[in-house]
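Beneath this line is the structure, given in structure tokens, with notes to follow.
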Amino acid sequence: MEKSYMIGVMAIQGAVEEHMNSVRAVGHRSKEIRVPEDMNDVDGIILPGGESTAMAIVGEKRGLFPELKRWVAEGRPIWGTCAGMILLSNHAVKQKEGGQALLGGLDVQVCRNFFGSQLYSDALDIKMEIEDALLSNDSSDPIRGVFIRAPAILTAGEGVEVIASLEAKPHVSATAEVLKVVASSDGKIEMTADGKVRVIVAVQQGNILATAFHPELTPDLRWHQKFVAMVDSFKKQNESA
């Protein structure tokens with residue numbers, strides 16, 4: 001990859017600096033996005049973790065949400081981690097009373113805080129559902145994800161590529177909502193005898209990438225490399241159009 005791209009990280013909450021450092025570690029530039037004008041010179045955008053409802057409120061007040069919605073509608077590269085994945089989803093269950101604003105664009109149904117509160121945060125093995133050269137693991141070690149108050153995708157539309165999944169038991173606070181989705185899934189989602197379900201934790205739909213976990217909190221740079229590769233592909237397609 002010859003070009004150096006500018007990747008903007010929405011700086012409302014979350015591991016902003018960690019994402020920026022990871023982008024720089026794979027050979028590209030990064031900057032904070034706090035107001036709409038900060039988006040003018042970026043090639044891709046990362047929505048970090050945090051508290052999705054608070055991020056939505058602040059994003060609306062700063063005028064970022066209309067511009068981010070336009071960005072998504074134009075099919076430009078964007079990656080949401082944890083709360084960022086919630087914001088990109090078309091549907092979210094277990095929302096706070098009164099709901100919350102979503103950017104949308106990702107045809108998934110996500111469950112907020114599927115894994116529970118911060119006390120239940122953990123590093124978990126994830127199962128890769130596709131072969132991806134950028135995400136391949138040369139060793140026999142499983143790929144692990146850091147889940148912090150993490151959401152999980154319960155269902156995904158036909159146009160969504162499922163990258164990774166895992167089997168987990170929903171936190172007691174999310175069980176009732178998960179059971180409703182399981183009951184209405186016509187057998188597409190199954191719950192084991194010990195209450196576990198296979199949930200989706202990484203997807204791609206067009207130029208939208210979403211992960212329920214936090215690659216920026218690990219030394220593993222493959223997810224940032226994958227996102228920059230998406231940016232590179234988008235830029236080259238537009239240059240040849």
Side-chain angles (χ1 to χ4, degrees), residues 1-12 14-33 38-39 41-50 55 64 67-68 71-89 103-108 110 126 128-137 143-147 150-151 153 156 159-164 200-239:
M1 193 180 301
E2 297 177 0
K3 291 188 176 180
S4 174
Y5 294 110
M6 175 64 79
I7 307 300
V9 182
M10 187 172 72
I12 293 177
V16 176
E17 191 64 31
E18 289 82 353
H19 266 301
M20 294 174 66
N21 288 338
S22 295
V23 169
R24 291 165 184 153
V26 297
H28 296 269
R29 295 166 292 136
S30 190
K31 62 177 287 189
E32 294 182 354
I33 295 177
D38 293 333
M39 296 171 57
D41 62 343
V42 300
D43 302 300
I45 293 175
I46 297 175
L47 307 179
M55 290 168 71
L64 279 171
E67 294 305 314
L68 288 168
W71 183 280
V72 172
E74 292 173 353
R76 304 176 75 178
I78 190 166
W79 173 20
T81 61
C82 195
M85 183 178 83
I86 296 171
L87 294 176
L88 288 171
S89 67
L103 296 171
L106 190 59
D107 187 15
V108 299
V110 66
I126 62 176
M128 298 301 294
E129 299 287 354
I130 63 168
E131 291 186 8
D132 188 308
L134 287 172
L135 299 176
S136 63
N137 191 352
I143 296 178
R144 294 177 70 77
V146 175
F147 294 82
I153 294 174
V160 178
E161 181 178 45
V162 176
I163 300 175
I200 302 165
V201 294
V203 295
Q204 182 177 350
Q205 182 179 359
N207 284 315
I208 300 175
L209 179 65
T211 55
F213 49 94
H214 293 266
E216 76 281 4
L217 299 182
T218 75
D220 189 349
L221 297 173
R222 287 173 294 182
W223 295 93
H224 289 82
Q225 289 171 334
K226 178 176 177 62
F227 182 61
V228 171
M230 289 170 54
V231 172
D232 184 59
S233 177
F234 174 79
K235 298 293 284 189
K236 287 178 178 177
Q237 288 175 5
N238 278 268
E239 287 172 0

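Computation of the quantities below employed the complete heavy-atom set of this structure, encompassing side-chain atoms and omitting hydrogens, waters and symmetry-equivalent molecules.
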So which atom in Glu129 and which in Val162 form the shortest heavy-atom distance, rounded to 0.1 Å? CB-O, 3.5 Å
Could you give the side-chain donor-acceptor pairs of residues 75-83 under 3.5 Å, partners two or more places apart or in another chain?
unit_1	atom_1	unit_2	atom_2	d
Trp79	NE1	Thr211	OG1	3.2
Thr81	OG1	His19	NE2	3.3

Please round to the nearest 0.5 Å and tell me the distance separating atom CD of Glu17 and atom CZ of Arg24. 6.0 Å
Shortest non-hydrogen contact from Gly49 to His214? CA-CE1, 3.9 Å
Show the nearest heavy-atom pair for residues Val231 and Gly44, with the distance to one decimal. CG2-CA, 4.1 Å
Ile7 backbone acceptor or donor facing Ser30 side chain under 3.5 Å: yes
Minimum heavy-atom separation for Pro151 and Val110, please, with both atom names. CB-CG2, 3.7 Å
With side-chain contact (heavy atoms from CB on, under 4.5 Å) as the test, would you mind laying out the steps for Ile200 and Val160 before giving the verdict? CA-CA 11 Å; Ile200 302 165; Val160 178; over 6 Å; no
Kindly determine whether Thr218 and Arg144 satisfy side-chain contact (heavy atoms from CB on, under 4.5 Å), including the steps that lead there. CA-CA 9 Å; Thr218 75; Arg144 294 177 70 77; over 6 Å; no
Is the CD atom of Glu131 crowded by more than 12 outside heavy atoms at less than 6.0 Å? no
With Phe213 via ring-ring contact (aromatic ring centres under 6.0 Å, His included) - residues at least two apart: Phe147, Trp223
Is there any salt bridge (Lys or Arg N to Asp or Glu O under 4.0 Å) pair reaching into residues 208-218, and which pairs are they, with sequence neighbours excluded? none
Find the distance between NZ (Lys235) and CD (Gln237) and round it off to the nearest 0.5 Å. 12.0 Å
Point-to-point distance, once rounded to the nearest 0.5 Å, from CE of Met128 to CD1 of Ile163: 6.5 Å
Just verifying a value: how many Å separate Leu209 CG and Met230 CE, rounded to the nearest 0.5 Å? 5.0 Å
Any salt bridge between Lys31 and Asp41, counting N to O under 4.0 Å? yes
Side chain proximity check, Val108 to Gln205, heavy atoms < 4.5 angstrom: no
What closest approach, in Å, do Ala150 and Ala212 show between heavy atoms, and which atom pair accounts for it? CB-O, 3.7 Å
Val203 vs Ile153, test: side-chain contact (heavy atoms from CB on, under 4.5 Å). Steps then yes/no. CA-CA 9 Å; Val203 295; Ile153 294 174; 3.8 Å; yes
Calculate, to the nearest 0.5 Å, the distance between atoms CG and NZ belonging to Leu221 and Lys226 respectively. 15.5 Å
I need the Ile45 CD1 to Asn207 CG distance, nearest 0.5 Å. 12.0 Å
Kindly say whether Glu18 contributes a backbone atom to a donor-acceptor pair with the side chain of Ser22 at under 3.5 angstrom? yes
Judged by atom type as modelled, is there a donor-acceptor pair below 3.5 Å linking the side chain of Asp232 to the main-chain atoms of Val228? no
Determine yes or no for a side-chain-to-main-chain donor-acceptor pair under 3.5 angstrom, with His28 supplying the side chain and Tyr5 the backbone. yes
Are the side chains of Leu47 and Leu103 in contact, using a 4.5 Å heavy-atom criterion? yes
Within the structure provided, determine whether Pro48 and Val16 are in side-chain contact (heavy-atom separation under 4.5 Å). yes
As a quick check of understanding, evaluate side-chain contact (heavy atoms from CB on, under 4.5 Å) for Val42 and Trp71, giving each step before the final call. CA-CA 11 Å; Val42 300; Trp71 183 280; 3.7 Å; yes
What heavy-atom pair brings Ala164 and Ile126 nearest, and what distance separates the two atoms? CB-CD1, 4.0 Å
